[in-house]
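Have a look at the structure below, then the notes.
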Amino acid sequence: MTPEDHTCAAADLLQAECTREQIGLLTLRHPEMGMDDAYEVQNAIYRQKLAEGRKVIGWKIGLTSKAMQYALNIDIPDSGILFDDMVFEHGGTVPAGRFIQPRIEAEIAFVMKSAVGDENVTRDDIIAATDYVAPSIEILDTRIQRFDPETGKTRTVFDTISDNAANAGIVLGARRHAVDAFDLRWVGALTFRNGEIEETGLGAGVLNDPVESVVWLARRMAQYGQCIEPGQIILSGSFIRPVECPSGTEIHADFGPFGSVDINFA
């Protein structure tokens with residue numbers, strides 16, 4: 001793909017976000033598309049959002065479970081950018097029509113107190129840089145079709161990365177914990193939709209340990225001359241499958257002693 005292709009794809013995705021009308025698969029439009037192309041499209045979206053006055057508040061890590069990696073035939077996670085207009089209050093309501101096809105995932109969020117990021121970042125570095133951890137919900141949306149209606153071809157990881165890793169919103173629970181207060185591998189969640197359990201999972205499903213997920217992000221960012229900044233929120237990756245959230249959905253994620261998170265969809 002050319003730089004012009006990246007810019008055009010980003011513009012189409014931004015338009016889809018505004019109109020709530022999905023675009024076709026970028027990987028059908030550009031069969032030659034690769035990982036670097038996908039991140040270039042994401043970066044073009046990032047630059048445009050900054051130009052419009054948005055602020056970066058953190059990062060999300062996706063595709064951290066083996067099941068999702070096997071499904072997409074990849075062996076690494078992906079990442080996306082959290083912007084200031086993506087934050088929803090615990091117990092709040094997402095307005096009707098805000099998203100196209102919203103889904104949610106339960107995750108452990110890291111809130112950072114100091115900058116961290118080089119290619120040799122260690123687990124101890126991440127722990128030292130973390131202010132606190134909290135239960136969270138990530139809201140996903142897809143500005144790209146999940147599959148092409150004519151060919152049946154499904155999205156690839158390149159489509160997803162281009163679409164800011166399908167990121168759309170974040171909800172933090174009220175409870176805050178020191179990063180070493182829990183063995184995060186054993187922090188889990190019962191995720192309820194309209195009062196019924198839809199998904200359960202444990203933090204160990206995230207690269208064996210959510211801390212290792214943040215290590216991966218810091219190292220990946222260093223390759224692009226970036227670092228995690230103080231105050232930023234890091235969504236470490238989901239340990240459940242995405243839960244569909246059509247209009248009228250009420251979500252309650254019960255993390256036990258770690259806390260809980262609620263969000264509703266009007």
Side-chain angles (χ1 to χ4, degrees), residues 57-68 77 79-80 82 86-94 99 102-113 123 126-127 129-141 165-217 228 231-245 249-265:
I57 61 166
W59 304 82
K60 61 100 28 128
I61 309 164
L63 303 179
T64 51
S65 73
K66 290 295 185 183
M68 290 301 294
S79 64
L82 302 175
M86 293 179 172
V87 177
F88 293 86
E89 293 296 323
H90 166 51
T93 298
V94 177
F99 300 121
R103 299 180 291 168
I104 64 93
E105 294 177 334
E107 311 194 14
I108 295 170
F110 289 66
V111 178
M112 312 308 289
K113 64 184 177 184
R123 175 188 178 84
I126 297 301
I127 290 173
T130 299
D131 187 8
Y132 61 88
V133 291
S136 71
I137 285 173
E138 180 185 1
I139 302 173
L140 306 173
D141 199 17
N167 188 29
I170 174 176
V171 190
L172 288 183
R175 298 288 297 276
R176 300 180 177 187
H177 309 281
V179 67
D180 58 355
F182 289 80
D183 182 342
L184 298 180
R185 298 173 304 167
W186 285 98
V187 172
L190 307 177
T191 306
F192 295 79
R193 179 174 63 181
N194 297 334
E196 296 185 357
I197 291 181
E198 286 288 327
E199 291 288 337
T200 65
L202 289 174
V206 178
L207 297 184
N208 303 318
D209 184 336
V211 176
E212 294 298 334
S213 183
V214 185
V215 170
W216 173 86
L217 176 67
I228 298 170
Q232 288 188 337
I233 302 166
I234 310 299
L235 295 180
S236 60
S238 180
F239 44 76
I240 65 168
R241 292 179 299 179
V243 176
E244 302 282 350
C245 295
T249 297
E250 297 180 353
I251 295 292
H252 172 64
D254 180 359
F255 289 71
F258 197 70
S260 64
V261 196
D262 297 335
I263 191 69
N264 306 306
F265 292 80

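- Minimum interatomic distance between Ser260 and Pro135 (heavy atoms only, all atoms of both residues): N-CG, 4.0 Å.
- A heavy-atom distance below 4.5 Å is found between the side chains of Phe258 and Ile108.
- By the side-chain contact (heavy atoms from CB on, under 4.5 Å) test, Val94 is found to be paired with Phe88, Arg98, Phe99, Ile139, Ile263, Phe265, residues two or more places apart in sequence or in another chain being considered.
- Here the closest heavy-atom approach between residue Ser238 and residue Val206 is recorded as O-CG2, 3.7 Å.
- Judged as a salt bridge (charged side-chain N to carboxylate O under 4.0 Å, His left out), and not counting sequence neighbours, Glu105 has no contacts.
- Cys245 pairs with exactly one of Asp141, Ile137, Leu140, Ile251 by the side-chain contact (heavy atoms from CB on, under 4.5 Å) rule, that one being Ile251.
- For the pair Thr130/Ile127, no side-chain contact is recorded, criterion being any heavy-atom separation below 4.5 Å from C-beta on.
- Here Gln232 pairs with Trp59 under the side-chain hydrogen bond (donor to acceptor under 3.5 Å, both in side chains) rule; sequence neighbours left out.
- In plain terms, the two heavy atoms of Met86 and Ala168 that are nearest each other are CG-O, 3.4 Å.
- Counting only residues at least two apart or on different chains, the side chain to side chain donor-acceptor pair (under 3.5 Å) pairs with a member in residues 199-211 are Arg123-Asp209, Glu199-Arg241.
- Applying the side-chain contact (heavy atoms from CB on, under 4.5 Å) rule to Glu250 yields the partners Asn194, Asn264; only residues at least two apart in sequence or on another chain are considered.
- Checked against salt bridge (charged side-chain N to carboxylate O under 4.0 Å, His left out), Arg193 has the following partners two or more places apart in sequence or in another chain: Glu198.
- Sequence neighbours left out, the pairs with a member in residues 181-190 that pass side chain to side chain donor-acceptor pair (under 3.5 Å) are Asp183-Arg185.
- Contact of the Thr191 side chain with the Ile104 side chain is registered, since non-hydrogen atoms from C-beta on lie closer than 4.5 Å.
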Can I get a per-line list of side-chain donor-acceptor pairs under 3.5 Å for residues 210-217, giving both atom names and the distance, sequence neighbours left out?
{"unit_1": "Ser213", "atom_1": "OG", "unit_2": "Ser236", "atom_2": "O", "d": "2.6"}

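- In this structure, the side chain of Lys60 engages the main chain of Ala165 through a donor-acceptor pair within 3.5 Å.
- For the pair Phe239/Thr64, no side-chain contact is recorded, criterion being any heavy-atom separation below 4.5 Å from C-beta on.
- Residues meeting the side-chain hydrogen bond (donor to acceptor under 3.5 Å, both in side chains) test with Asp262, sequence neighbours left out: His252.
- Considering CG of Leu202 and CG of Leu184, their distance stands at 11.5 Å, rounded to 0.5 Å.
- Listed by chain and residue number, Ser136, Leu172, Ile233, Leu235 satisfy the side-chain contact (heavy atoms from CB on, under 4.5 Å) test with Ala109 (two or more places apart in sequence, or in another chain).
- Legend: residues meeting salt bridge (charged side-chain N to carboxylate O under 4.0 Å, His left out) with Glu89, ordered by chain and number and at least two apart, are absent.
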